[in-house]
Peer 1: 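Got a structure here, written out as structure tokens. Questions coming.
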Protein chains: 2
Amino acid sequence: MNLKQLSELLGLSQTTVSRALNGYPEVSEKTRKKVEAAAKQHNYTPNTRARGLATGRNHAVGHVIPLSTEHEVVNPVFTDFIAGASEVYSRENYDMHLTVVPDASESDAYRKIAAKGSVDGVIVHGPKENDPRIKLLREIGMPFVVHGRSGSTDEQEYSWVDMNNTRAFERATQFLLDLGHRRIGLLNGLETMDFAAKRRIGYRTALEQAGVTEDNTLCYSSEMTEEYGFSATTKMLALEHPPTALLASSIIVGFGVRRALDAADLKIGKDVSLIIHDDDLSYLRNGNSEPIYTATRSSVRQAGRICAEILMDMIVNPTRPAQHVLLDAELIIGHTTGPAPQG
Amino acid sequence: MNLKQLSELLGLSQTTVSRALNGYPEVSEKTRKKVEAAAKQHNYTPNTRARGLATGRNHAVGHVIPLSTEHEVVNPVFTDFIAGASEVYSRENYDMHLTVVPDASESDAYRKIAAKGSVDGVIVHGPKENDPRIKLLREIGMPFVVHGRSGSTDEQEYSWVDMNNTRAFERATQFLLDLGHRRIGLLNGLETMDFAAKRRIGYRTALEQAGVTEDNTLCYSSEMTEEYGFSATTKMLALEHPPTALLASSIIVGFGVRRALDAADLKIGKDVSLIIHDDDLSYLRNGNSEPIYTATRSSVRQAGRICAEILMDMIVNPTRPAQHVLLDAELIIGHTTGPAPQG
DNA sequence: CCAAACACCCAAAGCGCTTTGGCATGCCTT
DNA sequence: AAGGCATGCCAAAGCGCTTTGGGTGTTTGG
């Protein structure tokens, strides 16, 4: 069913039917009701392409999700981020276009998306420090919001939604220091990523304030897999002075840590303490009523919702200045931390 | 840059430029080269909406991913499935449209997608037994391929890509029986889902063949979360005759099993054996060179690739009969299984 | 009572592309 | 030399929608 058919059916012009459905005032309430009823009855929805062509607006946004070239890994937080964003899109009747690209060719992907002209805006995932995509998108003039921030790039110049990575890891480290831990290992994400760089800074700051010198043999940085958690932990445990506490950048890394401690017959939370960062993923809940892991927690899904809302707003209202949301992670106490063992 | 501008720039008609770029023979090699060079130089890509309107084809496919209403969980296998499918889409220059919907309103979502007419085909995720979506899509006449199958619906009537769930779980159960285990717990996915129902059948078949009667207190069915793995295992361990082996429907459930065994001071692979199903997710690899968990393994990413390829084919060639691919899961031996303890 | 204002509707143009149906031009036949 | 046939190009229509710029009939105000 298309507009022409529907209008013929109703004995009205296409103009009138279109206006009726789009809420224009130049149409009587009576005809509007009639039109709406007929539209629903015949399951009429305006053809997206045609509407897009006519209006210049697509009612669609793009997500480009990077495929880590190193290990071909798609970060699992995307599912939840996208679930959050989708809530907003479906409420506003927007479509979501997804592109998965090797992160090397990401800039090209954005250029192509812009040229194809099928979306009104994009969300930038996984920003690195001084990420070239931000400059590119500004040049192109495509509305965008960044999930995270991009280091040295001026933060005022673009919209972003981020969590306070620095603060979160500073607090977590502080918490471990307060428990008496002095040798604290860090299993960070790839430090080319902005979030990981910021977490490293938080970690370092807390150590410095406590007068503990950072030890490079306790600092790891990699793609956040279970295997990484296992192998990095195993290596650290083999050190002459192994860590008594660990900070893991995700719950999945935390699973690997657990397995390594298990294999070494060390009790988690007693022999070795562990704090993870918990993105509050729906399928990887850190306990139900009570948290399992002590964690810094911030909902990625919520971040998705906020990003989407800001983007919608920017699309409708392009002149409004850039918006920034800094979410604070909460520190929640689970069963994986305890006082540093004496020795 | 649009067609008109490009053609004026080249001093050619829009027709010729369009034909040149789309590989039609009615244009000389010389002009074609010139046009292609200019297109590349000015980063010209035909506007998707306009092209779609003109051709009636969208160069886009839709994925509707269900949001489990029960726990608002998005199944994490989607990231990898989508990564696999995307490889194909980007090779063929197709776009991917994503819709996340509460699984209750899925049928409506498909109807709406069809009415909007912005995709050429869809992939159906998470089929249930006798899933109404299949009938719906056939009625609408939208090309689709199902990831999985739908129980009693005639399998010949639609295209699907599935793994051999029954066989995989039969073999895994068989393997445990051969090791002397008699009390084998099953931590299945939601058995309203076709894949879980089939796994249950495989489990049952193997038990029957060994003359072991199925024990309902050893059979769980739920959303596949870590917490579920933990709590179901904990409950089973509290039984008078606890299981000596467990079958878990995903690696994440397996993580929960590990934690529960850990808490009960039971050695995995010695006191209690565990086999998981491994979707070979990029961020949840079951070990690198050597598997950690004994597992039935089948790559979801590969399934994504195959689904996408079949769908592309169906779009281009609508008269071809339905295609079916049944992937076999391999049984890989890790460190989590061993002979049943005596006693 | 007439003009102005209003309410309601419509025809047609245009969004950027593909595609149909020509129209020249040059070359080869007969 | 005239007809036939590729070859290479183009003008214009049309995809389904929104939107501009009227048009018609009915109220309202002076």
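First the proteins, then the strands, lettered A, B, ... as listed; each starts at 1.
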Peer 1: To the nearest Å, how far apart are A/Asp120 CG and C/dC15 P?
Peer 2: 18 Å

Peer 1: Determine yes or no for a side-chain-to-main-chain donor-acceptor pair under 3.5 angstrom, with B/Ser90 supplying the side chain and B/Ser86 the backbone.
Peer 2: yes

Peer 1: 5'-most contact on DNA chain C: B/Thr45 or B/Glu26, nearest heavy atom basis?
Peer 2: B/Thr45

Peer 1: Verify, without hydrogens or angle tests, whether A/Asp80 (side chain) and A/Arg301 (backbone) share a donor-acceptor contact under 3.5 angstrom.
Peer 2: no

Peer 1: Using only side-chain N and O atoms of A/Tyr24, determine if any of them is under 4.0 Å from OP1 or OP2 of C/dC8.
Peer 2: no

Peer 1: Is the ring pair B/Phe144/B/Tyr158 parallel, tilted or perpendicular, if the boundaries are 30 and 60 degrees?
Peer 2: parallel

Peer 1: Closest-nucleotide mapping onto DNA chain D: is B/Thr55 or B/Val17 further toward the 5' terminus? I mean the 5' end.
Peer 2: B/Val17

Peer 1: Which one of B/Arg111, B/Arg133, B/Lys112 satisfies the salt bridge (charged side-chain N to carboxylate O under 4.0 Å, His left out) criterion with B/Glu106?
Peer 2: B/Arg133

Peer 1: Quickly work out the A/Glu29 CD to C/dC9 P distance and round it to whole Å.
Peer 2: 11 Å

Peer 1: Taking atom P of D/dG16 as reference, at what distance in whole Å does atom CG of B/Asn58 sit?
Peer 2: 12 Å

Peer 1: Base, sugar-phosphate or nothing for B/Arg49? Non-hydrogen atoms, less than 4.0 Å.
Peer 2: nothing

Peer 1: Return whichever of A/Arg19 or B/Ser13 has its heavy-atom-nearest nucleotide of DNA chain D closer to the 5' end.
Peer 2: B/Ser13

Peer 1: Mind calculating the distance between CD (A/Gln5) and C1' (D/dC15) to the nearest angstrom?
Peer 2: 13 Å

Peer 1: Can you measure A/Leu3 atom CG to D/dC17 atom P for me and round it to whole angstrom units?
Peer 2: 5 Å

Peer 1: Measure CG/A/Asn2 against C1'/D/dC15 and give the value in whole Å, please.
Peer 2: 10 Å

Peer 1: Could you give the CG-to-C1' distance, from B/Leu12 to D/dT7, as a whole number of Å?
Peer 2: 15 Å

Peer 1: For the pair made of CZ in B/Arg51 and C1' in C/dT19, what is the distance, rounded to whole Å?
Peer 2: 13 Å

Peer 1: Identify which nucleotide among C/dT18, D/dC9, C/dC10 has an atom closest to any side-chain atom of B/Ala54, counting heavy atoms from C-beta outward.
Peer 2: C/dT18

Peer 1: Got a donor-acceptor contact below 3.5 angstrom from the A/Ser159 side chain to the A/His324 backbone?
Peer 2: no

Peer 1: Map B/Asn22 and A/Gly11 onto DNA chain C by nearest heavy atom, then report which one ends up closer to the 5' terminus.
Peer 2: A/Gly11

Peer 1: Quick one: does B/Thr15 reach the base of C/dT19 with a side-chain donor-acceptor pair under 3.5 Å?
Peer 2: yes

Peer 1: Looking at C/dC17, I'd like to know if its phosphate oxygens (OP1 or OP2) sit under 4.0 Å from a side-chain N or O belonging to B/Ser18.
Peer 2: no

Peer 1: Where the side chain of B/Ser28 is defined as all heavy atoms beyond and including C-beta, which of C/dT18, D/dT19, D/dG8 is the nearest nucleotide?
Peer 2: D/dG8

